[in-house]
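See structure below.
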Amino acid sequence: MKANHPHQSGMFSGLVQWRSWSIRTRLMVIAIFPVVYLFFSLISYSYYARLKEVEEELHARAKTITTALADGVEYNIIAGNLQGIKQMIYGVIQTDRNVYRIDIFDTNKKELSHVENAGKAKPEKQYVELPIKRHMVWINLHTDNHESVVKLDTAKDKNQAILGYVRVTMTKSYLLSKQRYRFSIELVMAMLALSVSTWLAWYLSKGLSRPLHLAIDALRDISAGRTETQITISDGGEIGELQKSINEMASNLHQSQTHLENTVAERTKELIASRNEALKADAEKRRLIHKVNAIVENERQSIAVEIHDELNASLIAVRLESERIAKVAANADTDKQNASAFQEIQDRAKAVSKLALDLYANGRNLVRRLRPEVLDMLGLEGAIEEMLRIYNAAHEDCHFNFASEGDFAQLDGDLAISAYRIVQEACSNILKHAQAKQVEITLHMNVEKTVLKIHVRDDGIGFDTTQVVAGIGISGMRERVLAWGGEFKLLSETGEGTCIAIELPVQT
């Protein structure tokens, strides 16, 4: 297949985008394109028709001249009168200057005479050549005995004998010059008609597009809020109806806008009062959330203490008793009949001991979740490191990296617990939803120790924040941050991961 020409592809793409053209451009194309197409069609047809006309006329002249010369030089060739032949063909060239050259040959195609046009014309590549045949009836008035005897020679072979050849080469330079002159006149007239048509199309399209531009400007002013805009009705028909409709629409919008502004002013006063009440309620809500979180943490601590002191102590006692039973069963002297029963007692005692150990481990994990002990022993930084170490050990497909900067030693206990819970909830959301491979967690305390910054970034699938409603985990983190008067920012895009940036004010 042949590749499309760049100009053709560009023109095609331009035609495909015709919907983006202005009305004036469309009108110009509609008015001018048929005229231009007709102009080039007629000019092309006229040009090639005149060329064809010249070629046909030259061929007809060449054939006529060749035929006439083939008949005219017959006697001179028989008589061997070369000077007469030359005068005859010279007279033909003088009569018709479209003849470039005439050649007379004998039967062996040897040149007997020729005459060439003395002008600067160029010969045609093709020529017309005809044989010179003997056609006349001749009379022999003398015999070998010098007697006057008349004989008529009518033999067909003599009438048809070839005496030579005549070749005529034409030139179309003179005919082309005439045709070019006529064609230039036609071209000038056609271009004049095309110019008049173009000017008329431009003038009419301008008369149509100008009121449309004024209407568009008026609509833009109205859209910008200047509803008092009015335009002068300058045309009739559909354009005049459009201008009248715009004026009516502007008047109605102006009345509606005035009424709406008055209504908005009244409602604004009400909304300001409602906003003040909402701000008070929001502050109360934050204080309530902060208090609830503190109560929850205190209750968690209480439950953790009870589990640690009572449940774990009971489980330790159960484990010790089961181990004692296993030892007694192992040291007891038994006969063969009771051996299986003592063995079963020993196995069951070991099973109870294992269950006690498992319950003890679960109790310890529950205590850590309710109240992280490492937070009291290692502080916020160490507690987060320990939590991430456990996550990395339990989840091989996702790795958590941690970095910290600043001094966290004097951090308030309640604020440390909130920060720990926020990081814990963020990591839990990443493991549940993000499908991430790498997670970067940073903890930063400024030099003045007034702001605690937490950044959590993952390389997971992300999500569209405008389409997806925040879940309970994100809402919980946001509420914890707002309860401390902090800032919560969530940035995410589909396929680009998620970033959470938190700033918590440190109370000194």
**Complete:** All heavy atoms of Arg97 vs all of Thr171, minimum pair found to be O-CG2, 4.0 Å

**Prompt:** Any side-chain heavy atom of Met387 within less than 4.5 Å of one from Gln424?
**Reply:** yes

**Message:** Please report the interatomic distance OG(Ser404) to CD(Glu381), rounded to the nearest 0.5 Å.
**Reply:** 3.0 Å

**Message:** For the CD atom on Glu396, are there more than 12 heavy atoms of other groups (residues, nucleotides or ligands in this structure) within a distance under 6.0 Å?
**Reply:** no

**Request:** Please tell me if the side chains of Leu187 and Met191 come closer than 4.5 Å, counting only heavy atoms from C-beta onward.
**Result:** yes

**Heavy-atom side-chain contact between Met88 and Leu69 under 4.5 Å** = yes

**Asked** Are any non-hydrogen side-chain atoms of Leu163 and Ile78 less than 4.5 angstrom apart?
**Response** yes

**Message:** Working to the nearest 0.5 angstrom, can you tell me the gap between Glu55 CD and Lys172 NZ?
**Reply:** 5.0 Å

**Message:** For Ile246 versus Ala218, what's the shortest heavy-atom pair and its separation?
**Reply:** CG2-CB, 4.3 Å

**Message:** Taking CD in Glu493 as the centre, count heavy atoms belonging to other residues, nucleotides or ligands within less than 6.0 Å. Is the count above 12?
**Reply:** no

**Side-chain donor/acceptor of Thr494 to backbone N/O of Gly462, under 3.5 Å** = no

**Message:** Contact between Val456 and Ile430 at the side-chain level, heavy atoms closer than 4.5 Å - yes or no?
**Reply:** yes

**Request:** Evaluate the side-chain contact (heavy atoms from CB on, under 4.5 Å) criterion for residues Ile132 and Ile162: first the C-alpha distance (whole Å), next the side-chain angles of each, then the deciding distance (0.1 Å), finally the verdict.
**Result:** CA-CA 6 Å; Ile132 303 172; Ile162 296 176; 5.9 Å; no

**Item:** Atom pair CD (Glu425) and CD1 (Ile500), whose distance is rounded to the nearest 0.5 Å
**Value:** 9.5 Å

**Message:** Do the side chains of Glu57 and Arg61 get close enough for a salt bridge, i.e. N-O under 4.0 angstrom?
**Reply:** yes

**Request:** Answer with yes or no whether the side chains of Asn446 and Thr450 bring together a donor and an acceptor at under 3.5 Å.
**Result:** yes

**Request:** Would you please classify the geometry between the His395 ring and the Tyr391 ring as parallel, tilted or perpendicular, with 30° and 60° separating the classes?
**Result:** tilted

**Message:** Working to the nearest 0.5 angstrom, can you tell me the gap between Phe408 CZ and Lys449 NZ?
**Reply:** 10.5 Å

**Request:** Give the minimum heavy-atom separation between Thr67 and Lys63, together with the two atoms involved.
**Result:** OG1-O, 2.7 Å

**Message:** So which atom in Glu186 and which in Ile43 form the shortest heavy-atom distance, rounded to 0.1 Å?
**Reply:** O-CD1, 4.5 Å

**Complete:** In short, Ile422 meets Met477 closest at the heavy-atom pair O-SD, 3.5 Å

**Item:** Tyr420 vs Ile384, side-chain contact (heavy atoms from CB on, under 4.5 Å): CA-CA, chis, key distance, verdict
**Value:** CA-CA 7 Å; Tyr420 180 85; Ile384 292 177; 4.2 Å; yes

**Prompt:** Knowing that exactly one of Asn401, Asp458, Asp459 qualifies, which makes a side chain to side chain donor-acceptor pair (under 3.5 Å) with Gln438?
**Reply:** Asn401

**Prompt:** Does Tyr181 offer a backbone N or O that forms a donor-acceptor pair with the side chain of Ser184 under 3.5 Å?
**Reply:** yes

**Message:** To the nearest 0.5 Å, what is the distance between CZ on Arg457 and CD on Glu440?
**Reply:** 9.0 Å

**Request:** Tell me, please, whether Phe183 has Arg50 positioned over its six-membered ring: NZ or CZ under 6.0 Å from the ring centre and within 45 degrees of its axis?
**Result:** no

**Message:** Would you say that Leu504 contacts Val451 through its side chain, given a criterion of any heavy-atom pair below 4.5 Å between the two side chains?
**Reply:** no

**Asked** Just by distance, with hydrogens left out, do Tyr100 and Glu116 show a side-chain donor and acceptor under 3.5 Å apart?
**Response** yes

**Asked** In Å and rounded to the nearest 0.5 Å, what is the CZ to CZ distance from Arg101 to Arg167?
**Response** 8.5 Å

**Message:** With side-chain contact (heavy atoms from CB on, under 4.5 Å) as the criterion, how do Leu482 and Phe488 come out once you've worked through the C-alpha distance, each side chain's angles and the decisive distance to 0.1 Å?
**Reply:** CA-CA 8 Å; Leu482 295 178; Phe488 181 89; 5.6 Å; no

**Message:** Does Asn429 form a side-chain contact (heavy atoms from CB on, under 4.5 Å) with Thr498? I'd like the steps, not just the answer.
**Reply:** CA-CA 11 Å; Asn429 282 344; Thr498 303; over 6 Å; no

**Request:** Would you please say whether a donor-acceptor pair under 3.5 Å links the side chains of Asp96 and Asn98?
**Result:** yes

**Message:** Looking at Asn247, is its backbone amide N or carbonyl O close enough to the side chain of Gln230 to form a donor-acceptor pair, meaning the two atoms are under 3.5 Å apart?
**Reply:** yes

**Asked** Is any side-chain heavy atom of Leu452 closer than 4.5 Å to a side-chain heavy atom of Leu443?
**Response** yes

**Request:** Using modelled atom types only, decide if a donor and an acceptor are shared between the side chain of Ser46 and the backbone of Leu42 within a distance under 3.5 Å.
**Result:** no

**Prompt:** Is the closest side-chain heavy-atom distance between Gln83 and Ser113 below 4.5 Å?
**Reply:** no

**Asked** Between Asn392 and Cys398, what is the shortest heavy-atom contact and its length?
**Response** OD1-O, 3.8 Å

**Asked** Is the cationic atom of Lys109 (NZ for Lys, CZ for Arg) positioned less than 6.0 Å from the six-membered ring centroid of Tyr165 and within 45 degrees of its normal?
**Response** yes

**Request:** Check whether more than 12 heavy atoms from other residues, nucleotides or ligands sit under 6.0 Å from atom OH of Tyr47, and answer yes or no.
**Result:** no

